[in-house]
A.B. asks: 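I am attaching a structure below and will ask some questions about it afterwards.
All of these numbers come straight from a predicted model, not from anything done at the bench. We're numbering straight along the sequence, starting at 1.
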Amino acid sequence: MILSCGEALIDMLPRTSTEGEACFAPYAGGAVFNTAIALGRLGAPSAFFSGVSTDMLGEILADALVASKVDTRFLARSDRPTTVAFVKLVNGQATYAFYDEATAGRMLSTADLPDLPPDVQALFFGGISLVNDPAASTYEAFQARECGTRVTMIDPNIRPGFIAGKEAAYRDRIGRMIARADIVKLSDEDLHWLEGPGDPTELARGILSRGPKVVFVTEGARGARAVTATQTRFVAAQKVAVVDTVGAGDTFNAGVLAALHRARVLTKAGVAALPDATLDAALDLGTRAAAVTVSRAGANPPWEVEL
């Protein structure tokens with residue numbers, strides 16, 4: 001089982017009403033939530049851990065997880081409100097305004113951390129859940145607790161506007177979590193935000209020197225690469241008509257993890273010695289799944305049969 005750990009929220013996406021007016025429509029979302037959903041739809045054993053409200057919006061989130069075959073037993077439910085994010089799209093690229101103060105997700109604490117059964121092979125972390133305490137410190141503590149015996153993966157999915165004024169503490173936390181992780185995924189933009197200018201492969205190798213075994217770098221319409229200490233693999237992106245990019249990276253993460261699960265390499269030893277064919281399969285499934293997501297509105301990952 002793959003346990004995705006991080007934010008669940010309601011994305012308010014821009015739409016046009018039947019009267020022709022600009023409006024927003026609510027969609028279940030959040031970067032880590034999207035990865036859990038995509039994993040379930042791709043046929044991987046998926047579970048989700050987060051603080052989720054018992055309010056109306058929280059029920060939308062829980063129902064969406066169940067509908068995509070995601071195990072919800074690890075949810076930390078409370079009566080605090082649900083995080084809401086308003087999304088602005090410009091040429092298909094998304095920017096966000098978050099409303100997160102005192103929410104069920106934000107107030108997650110170490111007292112909420114679950115005991116994990118043996119069948120949880122891997123934990124995935126990332127998104128805005130790694131920005132604000134107490135939740136951010138809780139997720140970091142969870143990774144630190146489990147990384148010795150289980151595979152952990154992180155995708156920071158950096159939102160500069162959300163971390164304004166908190167950059168130093170955020171960089172420190174992401175640095176610690178990257179060092180503990182077996183798998184790191186970064187968009188090319190995130191890679192440069194963290195590491196500065198330079199060749200993506202060389203920057204990825206710098207990250208590998210801190211502890212991870214493999215770094216995946218997504219490069220938008222170009223494709224994606226996987227970098228290990230001795231390997232560099234690249235897969236071109238499929239050409240599709242882009243509706244919006246919401247959830248593209250999240251779906252890619254799920255494709256990578258689903259492919260590694262299918263190959264039976266989601267172990268500490270397995271991830272440390274991935275053959276070229278397995279890296280290629282992970283890149284292929286990640287890019288194919290993400291191509292479907294960007295071809296339709298909102299974070300709507302594909303089901304396995306759609307691929």
Side-chain angles (χ1 to χ4, degrees), residues 1-11 26-40 44-85 98-147 149-157 162 170 173-174 176-177 180-181 250 253-254 257 299:
M1 181 177 291
I2 302 164
L3 180 62
S4 300
C5 311
E7 77 272 12
L9 53 87
I10 296 296
D11 280 323
Y27 288 82
V32 181
F33 176 93
N34 293 338
T35 294
I37 291 284
L39 277 165
S46 177
F48 186 60
F49 168 65
S50 184
V52 173
S53 178
T54 54
D55 66 11
M56 177 181 66
L57 298 179
E59 290 303 315
I60 291 174
L61 294 169
D63 290 346
L65 290 166
V66 172
S68 291
K69 303 184 183 302
V70 179
D71 190 330
T72 60
R73 77 180 107 157
F74 302 112
L75 295 183
R77 303 301 297 268
S78 75
D79 60 2
R80 298 185 180 97
T82 298
T83 301
V84 176
F98 293 96
Y99 296 86
D100 188 45
E101 199 69 34
T103 60
R106 170 80 171 270
M107 301 309 293
L108 193 74
S109 73
T110 53
D112 299 311
L113 292 179
D115 293 325
L116 299 182
D119 64 336
V120 176
Q121 294 177 285
L123 288 81
F124 172 77
F125 298 89
I128 64 168
S129 59
L130 303 181
V131 179
N132 290 320
D133 282 331
S137 293
T138 299
Y139 289 117
E140 183 182 1
F142 197 22
Q143 186 210 27
R145 192 187 86 183
E146 299 295 335
C147 67
T149 56
R150 304 179 209 259
V151 170
T152 67
M153 176 177 176
I154 180 173
D155 172 13
N157 198 13
F162 194 72
Y170 176 75
R173 174 175 291 112
I174 293 302
R176 293 190 298 268
M177 294 186 73
R180 295 189 195 103
D250 313 326
N253 294 331
L257 285 166

A.B. asks: Checking the side chain of T138 only, and the main-chain atoms of P134 only, is there a donor and an acceptor separated by less than 3.5 Å?
C.D. replies: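 Indeed, once roles are kept as given, a pair shorter than 3.5 Å links the two residues.
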
A.B. asks: Can you tell me how far CZ of F162 sits from CG of N132, rounded to the nearest 0.5 angstrom?
C.D. replies: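 Separation between the atoms: 4.5 Å.
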
A.B. asks: Is any NZ, NE, NH1 or NH2 atom of the basic residue among E7 and R106 found under 4.0 Å from an Asp or Glu carboxylate oxygen of the other?
C.D. replies: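 Salt bridge: no.
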
A.B. asks: Pairing donors with acceptors under 3.5 angstrom, does anything connect the side chains of D100 and T83?
C.D. replies: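 D100 vs T83: donor-acceptor pair found between side chains.
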
A.B. asks: When you compare the side chain of M177 with that of L130, does any pair of heavy atoms fall below 4.5 Å?
C.D. replies: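 Contact flag for L130/M177 side chains = yes.
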
A.B. asks: Show the nearest heavy-atom pair for residues L108 and A76, with the distance to one decimal.
C.D. replies: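 Reported closest heavy-atom pair: CD1-CB, 3.8 Å.
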
A.B. asks: Can you see which heavy atom on S129 is nearest to which on G6, and at what distance?
C.D. replies: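 Between these two residues, the closest heavy atoms are OG-CA, 3.4 Å.
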
A.B. asks: Compare every heavy atom of I154 with every heavy atom of A181, then report the nearest pair and how far apart it is.
C.D. replies: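 Looks like CB-CG2, 3.8 Å.
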
A.B. asks: I need the D115 CG to F74 CZ distance, nearest 0.5 Å.
C.D. replies: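 Here the rounded value is 9.5 Å.
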
A.B. asks: Does any non-hydrogen side-chain atom of S50 lie less than 4.5 Å from one of Y139?
C.D. replies: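 Sidechains of S50 and Y139: in contact.
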
A.B. asks: Any side-chain heavy atom of F142 within less than 4.5 Å of one from T110?
C.D. replies: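 Side-chain contact under 4.5 Å: no.
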
A.B. asks: Roughly how far, to the nearest 0.5 Å, is CZ of F48 from CD1 of I2?
C.D. replies: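 Output value for this atom pair is 14.5 Å.
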
A.B. asks: With a 4.5 Å heavy-atom cut-off, do L75 and L65 have their side chains touching?
C.D. replies: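 Side-chain contact under 4.5 Å: yes.
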
A.B. asks: Go through the steps for T82 and D55 under the test side chain to side chain donor-acceptor pair (under 3.5 Å), then give the verdict.
C.D. replies: CA-CA 7 Å; T82 298; D55 66 11; 2.8 Å; yes

A.B. asks: Can you tell me how far apart CG (L61) and CE (M56) are? Round to the nearest 0.5 Å.
C.D. replies: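 One gets 11.0 Å once the value is rounded to the nearest 0.5 Å.
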
A.B. asks: Answer yes or no: is there a donor N or O on one side and an acceptor on the other, between the side chain of R180 and the main chain of Q143, under 3.5 Å?
C.D. replies: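 No; zero donor-acceptor contacts below 3.5 Å.
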
A.B. asks: Atom CD in E146, atom CG in L113: separation rounded to 0.5 Å?
C.D. replies: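 The CD atom of E146 sits 9.0 Å away from the CG atom of L113.
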
A.B. asks: Could you tell me whether a side-chain N or O of E140 sits under 3.5 Å from a main-chain N or O of R173, the two making a donor and an acceptor?
C.D. replies: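 No; judged by distance alone, with no hydrogens or angles, the pair does not exist.
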
A.B. asks: For a quick test of reading the model, state the closest non-hydrogen atom pair linking A299 to N34 and the distance between them.
C.D. replies: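 So the minimum-distance heavy-atom pair works out to CB-ND2, 3.5 Å.
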
A.B. asks: Keeping T35 on the side-chain end and D250 on the backbone end, is there a donor-acceptor pair under 3.5 Å?
C.D. replies: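 Checking the backbone N and O of D250 against the side chain of T35, a donor-acceptor pair under 3.5 Å is found.
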
A.B. asks: Which value, rounded to the nearest 0.5 Å, describes the distance between F125 atom CZ and L3 atom CG?
C.D. replies: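 Result: 7.5 Å between the selected atoms.
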
A.B. asks: Would you indicate whether the side-chain heavy atoms of L123 and V151 approach each other to under 4.5 Å?
C.D. replies: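 Side chain of V151 against side chain of L123, heavy atoms only: no contact under 4.5 Å found.
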
A.B. asks: Any heavy-atom pair between the side chains of Y27 and L9 that's under 4.5 Å?
C.D. replies: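 No. Closest side-chain heavy atoms not under 4.5 Å.
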
A.B. asks: Taking the side chain from S53 and the backbone from R80, do they hold a donor-acceptor pair closer than 3.5 Å?
C.D. replies: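 Yes; judged by distance alone, with no hydrogens or angles, the pair exists.
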
A.B. asks: Mind checking whether L39 and S4 have side chains closer than 4.5 Å, heavy atoms only?
C.D. replies: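 In short, these two side chains touch, coming nearer than 4.5 Å.
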
A.B. asks: Looking only at heavy atoms, what is the nearest atom pair of A135 and G105, with distance?
C.D. replies: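 Scanning both residues completely, I find the closest heavy atoms to be CB-O, 3.2 Å.
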
A.B. asks: Is E59 paired with R77 through a side-chain N to carboxylate O contact shorter than 4.0 Å?
C.D. replies: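 Salt bridge present between R77 and E59.
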
A.B. asks: Which heavy-atom pair separates D112 from F49 by the least distance, and what is that distance?
C.D. replies: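 D112 and F49 have their closest heavy atoms at O-CE1, 3.5 Å.
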
A.B. asks: Verify, without hydrogens or angle tests, whether D71 (side chain) and R73 (backbone) share a donor-acceptor contact under 3.5 angstrom.
C.D. replies: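 Present.
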
